[in-house]
Student: 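Let me begin by handing over the structure; questions about it come next.
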Amino acid sequence: MTMIQIRDVNKRYDDGFHALKNINLEFRQGEMTVLIGPSGCGKSTTMRLVNRLVSPTSGTVEIGGRDIRSIDPVELRRSIGYVIQSVGLFPHMTIGRNVAVVPRLKRWDADKTARRVDELLDMVGLKPDLYRDRYPSELSGGQQQRVGVVRALAADPDIILMDEPFSALDPLSREQLQEDVARLQQELHKTIVFVTHDMDEALKIADRIVLMKDGEVVQSDTPDRMLRRPANDFVRTFIGQKRLEAGGAADVAEREAGPDLGGFVMADGPTVNDVMVTQPAVTYPGRGLAEAITTMERRKVDSLYVVDRQRKLLGSVSIYNVMDSYGDEDKTVADVMMPVRYSVQSGTPLTQAVELLASHRLHNVAVIDEDSRFIGLITRGSVVRHLAEKLPHGDNGEEPGSSTGLGPQGGNREEHS
Amino acid sequence: MSAGLSFFEFLGERLPDLLLALREHLTLSLIAVLIGSAISLPLGVLLVYSRIGWLNSAVFFLANLLQTIPSLALLAILIPLMGIGARPAVLALLLYSIMPVLRNTYEGFRSVDPHVLEAARGLGYSAAQRLLRVQLPLAVPYIMSGIRLTTVYVISWATLATLVGAGGLGQLIVSGMGVNQPYLIVAGALGAIALALAADLLLGWLESALGRRFGLRGGAAA
Ligand SMILES: Nc1ncnc2c1ncn2[C@@H]1O[C@H](COP(=O)(O)OP(=O)(O)OP(=O)(O)O)[C@@H](O)[C@H]1O
Ligand SMILES: [Mg+2]
């Protein structure tokens, strides 16, 4: 069922800037829609249409079939959760008061509000007794961001707008919150509109992804379809480039694409070398655990392979290994790393690697050369991306010229088939 | 005549006069600051919200202009209009007090982080609630420092009020000059200084207490 309908919306700002061009979107009840696109493409503007922080120059926005211009904006906003991009906590209110803002505006009774505040602070790992009475300036950026997120959830709204809510978080709490939000949406059927810059995040949590560029919607689809049938080169580069930046990021897209993998990888052409991520995130045995976390954070991954100076593969560490021993400052990566049980040789057919991934439920598998040097990483995401590039593009009217990006192997494969 | 007395003996002898002058001085200043703030505070808020660009410039120009009129001249202008006594004195003083409070109120409201305001709007604060529960508390430190500044000035300018027959510590100074009694002049001047310092201290303390109350001065206390 459609919850929010944006119809033929144009937005010109006062300075004449045409920020949204003929936007048509629907956000379905109980779904998580992720808006993604380059900076300045109009994601925030689109999101702010929904709670009337931005009013369209032309076109309409409906919630539950009702034109929102007929709803009092203040009432409308109190019924919609909103996480602002820049956090925007009230500096003169304690954390508890910040979280309680909407319940208080809605005149909940004090006990209920206080219980709700504690429950929410707990949910994001801020001990209520410790943090309730602090002021925002006494919290770290990441902690403030978490408060900003739960403030939006406080009055239990059906619709939640989240503008880059996790941008300042470390990978662990980021993942934790992504899961919390995904669970919230699945269990309580919240309708969530979520803005991010991060394709991995989008692929991980979205039911539907809306990719925007220069005030227009380029493609609006499920993550699966977006990976399989990118509407044009922009989508392809956006997915590709972002996924490459993410290096060996693990489990992305498994949820959507996992079951289909086996069926599609039958062609005997591609080897692991065609598909692997060539700059996987690595660390060295002598590194401290905090350094390892920093690397994970920078590369946006949840595990690292450990190599020596000759790039020989020694083991791997996951964020969980690291966090378990994090308190011990003397420990290094070598102390916590796990042996690498599965790897494939350079030149192995992709099918074998995929079978390995599937049968052992691995997030990724390392590729090593003759001298057992670590040269690349097969991730589920990299396989999916490869498929998205190589498979015929079906009914999306792709022009032939776009296959130039595929490289020489593209031609070879056609001969085989 | 009382040349034989020491300064302190003199103070003791004239204490009732001194206290009266002090009280008049304080009353004049307080009334002027209170009325002045009651005008300039809402005016400042109004200017923050007005979309009429020239109105802002006009008001600030006028307020600035008032500040530049020599106080003696202002009093001279007011006498034919309002006669003599406390009323023209209060009016002159409050005209002077408008500018600092007006400017600080305006700056205080303008200084509120736009993201914080957007959050307030997005969470469903009405315009009035935004004003009273978000902007005003965040502007309080600015407003308080405007009031503090103004109070100190007004107390010092109020010594001129005696020229329109409004009494106050200036009275002591002027009569001291008339009868060539330096003690009287010193007592008037010291009284004005002490009053200004006391007001400054008190308001400074209030300012930081309010700052703490609104969580604006770091929180080493926690
Ligand atoms: N109030 C405004 N007045 C004029 N132009 C604006 C205004 N707000 C946004 N814009 C412009 O509209 C465009 C879209 O802005 P928007 O904030 O929606 O981008 P975004 O996709 O959210 O970007 P980011 O990822 O950087 O947050 C930008 O070019 C921005 O400069
Ligand atoms: Mg934005």
Student: Would you say CZ of B/Phe61 has more than 12 non-hydrogen atoms from neighbouring residues, nucleotides or ligands within 6.0 angstrom?
Tutor: no
Student: Other residues, nucleotides and ligands only: do more than 12 of their heavy atoms fall within 6.0 Å of CG on B/Leu55?
Tutor: yes
Student: State, yes or no, whether a side-chain contact exists between A/Val87 and B/His115 at a heavy-atom distance under 4.5 Å.
Tutor: no
Student: Around A/Asp15, counting heavy atoms of other residues, nucleotides and ligands shown, do more than 12 lie under 6.0 Å from its CG?
Tutor: yes
Student: Shorter than 4.5 Å, heavy atoms on both sides: which option in B/Asp113, B/Leu117, B/Val134 has the most such pairs with chain A?
Tutor: B/Val134
Student: If you count every heavy atom of other residues, nucleotides or ligands that lies below 6.0 Å from A/Arg97 atom CZ, does the total exceed 12?
Tutor: no
Student: Can you name the residues of residues 120-132 of chain B that have some heavy atom under 4.5 Å away from a heavy atom in chain A?
Tutor: B/Ala120, B/Arg121, B/Gly122, B/Leu123, B/Gly124, B/Tyr125, B/Ser126, B/Gln129
Student: Can any side-chain N or O of A/His92 pair as donor or acceptor with the backbone N or O of B/Gln135 at less than 3.5 Å?
Tutor: no
Student: Does a sphere of radius 6.0 Å around CD1 in B/Ile84 hold more than 12 heavy atoms from other residues, nucleotides or ligands, not counting ones at 6.0 Å or beyond?
Tutor: no
Student: Chain B: which of A/Asn51, A/Asp72, A/Val101 shares the most heavy-atom pairs with it under 4.5 Å?
Tutor: A/Val101
Student: How many angstroms lie between CE in A/Met93 and CZ in B/Arg133, if you round to the nearest 0.5 Å?
Tutor: 8.0 Å
Student: What closest approach, in Å, do B/Ala119 and A/Gly88 show between heavy atoms, and which atom pair accounts for it?
Tutor: CB-O, 3.3 Å
Student: Looking at B/Tyr49, I'd like to know if its OH atom is crowded, meaning that more than 12 non-hydrogen atoms belonging to other residues, nucleotides or ligands lie closer than 6.0 Å.
Tutor: yes
Student: With a 4.5 angstrom heavy-atom cut-off, could you sort out which part of A/Leu53 is near chain B: side chain, backbone, both or neither?
Tutor: both
Student: Can you tell me if B/Phe109 has over 12 outside heavy atoms packed within less than 6.0 Å of its CZ?
Tutor: yes
Student: So, for A/Leu89 and B/Val116, which heavy atoms are closest and what is the spacing to 0.1 Å?
Tutor: O-CG2, 3.5 Å
